[in-house]
Every structure is written in structure tokens, then in C-alpha cells.
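Heavy-atom basis, side chains included; hydrogens, waters and symmetry copies ignored.
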Amino acid sequence: QVHLVESGGGLVQAGGSLRLSCAASGSTFSRNAIGWYRQAPGKQRELVAAISRGGSGFNADSVKGRFTISRDNAKNTAYLQMNSLKAEDTAVYYCAAVILDGSRYYYIPKSETEYDSWGQGTQVTVSS
């Protein structure tokens with residue numbers, strides 16, 4: 001497991017942009033697949049985007065064309081670039097991680113139960 005800390009959340013107007021960061025401790029970051037989840041009030045936590053060890057990415061339909069996930073293994077950090085934000089993007093955003101072996105280098109975990117490390121979350125509020 002790794003210790004994860006999210007940052008970059010805040011209040012933004014609709015149509016604006018934010019970049020979230022997920023900083024990981026330890027030397028195993030490159031062995032982790034990373035996921036970004038969000039949870040809005042009264043709703044279940046949902047997967048927004050995820051990235052494999054090898055850098056292949058996945059975006060949920062609700063954010064395709066607007067959000068981009070990336071990673072910088074040298075900095076032990078993953079990012080979620082969010083553009084064209086909408087009021088419905090308002091939520092607490094969490095990053096999650098799981099170590100995968102080399103046989104799953106390009107595997108993208110999409111189930112919440114596959115991740116075993118979670119950050120504390122960062123609030124994103126989009127005003128309309």
C-alpha cells in the first residue's frame with residue numbers, strides 16, 4: 001500500500017478548469033495503477049478515470065473529452081486535468097491505488113474493491 005494525498009480542489013465557475021494532484025509516498029508508485037473517484041452528496045462513489053502502470057487510461061462516459069488522467073512516476077504523482085467543468089462535477093474527489101505485478105502492466109482496475117490505498121479526498125465545487 002501507499003499513502004496518498006490529493007490536492008488542487010476548490011471552487012470554480014462552470015466552464016472553468018482545475019488540475020487535481022495525487023501525491024504518493026514510498027518507492028512503489030510506479031508499480032501502482034491509479035484511479036480517480038468522486039462522490040457527490042447523496043450519491044454513490046463513482047469511477048471518473050483510471051490509469052495503468054503502463055500509462056493506458058480510461059475515462060468514464062460522463063467526463064470523456066473533458067477530463068484527462070496522467071501520471072509522473074519520477075514525481076510519484078498522478079493528475080486529473082478537468083476542463084469544461086459542469087455543476088454536476090461537484091463532488092469530493094479521491095485518488096486510489098493498487099500495486100499490480102508485471103503481468104498486468106496495462107491492466108486498468110475499474111472496480112472500487114480492486115484498490116487498497118485511498119486518499120482523504122479533495123472538494124471540487126463548480127458554480128453554475
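Both V98 and Y107 sit in one connected hydrophobic cluster of ILVMFWY residues. Membership requires side-chain heavy atoms under 4.5 Å apart, directly or through other members. Residues I69 and L20 are members of one and the same hydrophobic cluster, defined by side-chain heavy-atom contacts under 4.5 angstrom among Ile, Leu, Val, Met, Phe, Trp and Tyr. V63 and L85 fall within the same hydrophobic cluster, where Ile, Leu, Val, Met, Phe, Trp and Tyr residues are linked whenever their side-chain heavy atoms come under 4.5 Å apart, directly or through other members. Cluster membership check: V126 shares its hydrophobic cluster with L80, using side-chain heavy-atom separations under 4.5 Å among Ile, Leu, Val, Met, Phe, Trp and Tyr. Hydrophobic clustering, with ILVMFWY side chains joined whenever heavy atoms are under 4.5 angstrom apart, keeps V48 apart from W118.
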Audit row: T125, V12, side chain to side chain contact (heavy atoms under 4.5 Å, CB included) steps and yes/no: CA-CA 6 Å; T125 303; V12 63; over 6 Å; no
Evaluate R45 against E112 for side chain to side chain contact (heavy atoms under 4.5 Å, CB included), listing each step before the verdict. CA-CA 9 Å; R45 189 156 56 184; E112 191 172 327; 2.7 Å; yes
Could you walk me through whether I99 and T28 satisfy the side chain to side chain contact (heavy atoms under 4.5 Å, CB included) test, starting with their C-alpha distance in whole Å, then the side-chain angles of each, then the deciding distance to 0.1 Å, before giving a yes or no? CA-CA 8 Å; I99 292 176; T28 61; 4.0 Å; yes
Any chance you could lay out the side chain to side chain contact (heavy atoms under 4.5 Å, CB included) test for Y79 and R71, step after step, and finish with the verdict? CA-CA 6 Å; Y79 304 97; R71 64 188 300 157; over 6 Å; no
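Among residues two or more places apart in sequence or in another chain, the ring-ring contact (aromatic ring centres under 6.0 Å, His included) test is passed with Y93 by none. In this view, E46 and R38 satisfy the salt bridge (charged side-chain N to carboxylate O under 4.0 Å, His left out) rule, not counting sequence neighbours. Residues satisfying the side-chain hydrogen bond (donor to acceptor under 3.5 Å, both in side chains) test with S84, not counting sequence neighbours, are none. Partners of D101 by salt bridge (charged side-chain N to carboxylate O under 4.0 Å, His left out), not counting sequence neighbours: none found.
Within the structure, side-chain hydrogen bond (donor to acceptor under 3.5 Å, both in side chains) contacts touching residues 48-59 (residues at least two apart or in different chains) are S52-S56. For the salt bridge (charged side-chain N to carboxylate O under 4.0 Å, His left out) condition, no pair includes a residue of residues 114-128, sequence neighbours left out.
No more than 12 heavy atoms of other residues, nucleotides or ligands shown are found within 6.0 angstrom of CZ on R31. The local environment of CD in Q13 is sparse, with at most 12 non-hydrogen atoms from other residues, nucleotides or ligands closer than 6.0 Å.
S30 contributes no side-chain N or O that, together with a main-chain N or O of N73, makes up a donor-acceptor pair within less than 3.5 Å. Side chain of Q81 to main chain of T68: no donor-acceptor pair is present (N/O by atom type, distance under 3.5 Å, no hydrogens or angles). In this structure, N32 contributes its side chain and I34 its backbone to no donor-acceptor pair below 3.5 Å. Side-chain atoms of T77 come within 3.5 Å of backbone N or O of K75 as a donor-acceptor pair.
Of the inter-residue distances, the one linking R66 atom CZ with M82 atom CE reads 9.5 Å to the nearest 0.5 angstrom. Rounded to the nearest 0.5 angstrom, L47 CG and F58 CZ are separated by 5.5 Å. Annotation: the span from Y106 atom OH to L100 atom CG amounts to 13.5 Å, rounded to 0.5 Å.
No salt bridge links D89 with K86; every basic N to acidic carboxylate O contact stays at or beyond 4.0 Å.
No side-chain heavy atom of V92 sits under 4.5 Å from any side-chain heavy atom of T122. With a 4.5 Å cut-off on side-chain heavy atoms, T90 and V124 do not count as touching.
A ring-centre distance under 6.0 Å is not found for F67 and W36.
For L4 against C22, the heavy-atom pair with the smallest separation is CD2-SG, 3.9 Å. What you find for A50 and P109 is that their closest heavy atoms are CB-O, 3.8 Å.
Side-chain N/O atoms of S17 and N83 include a donor and acceptor closer than 3.5 Å.
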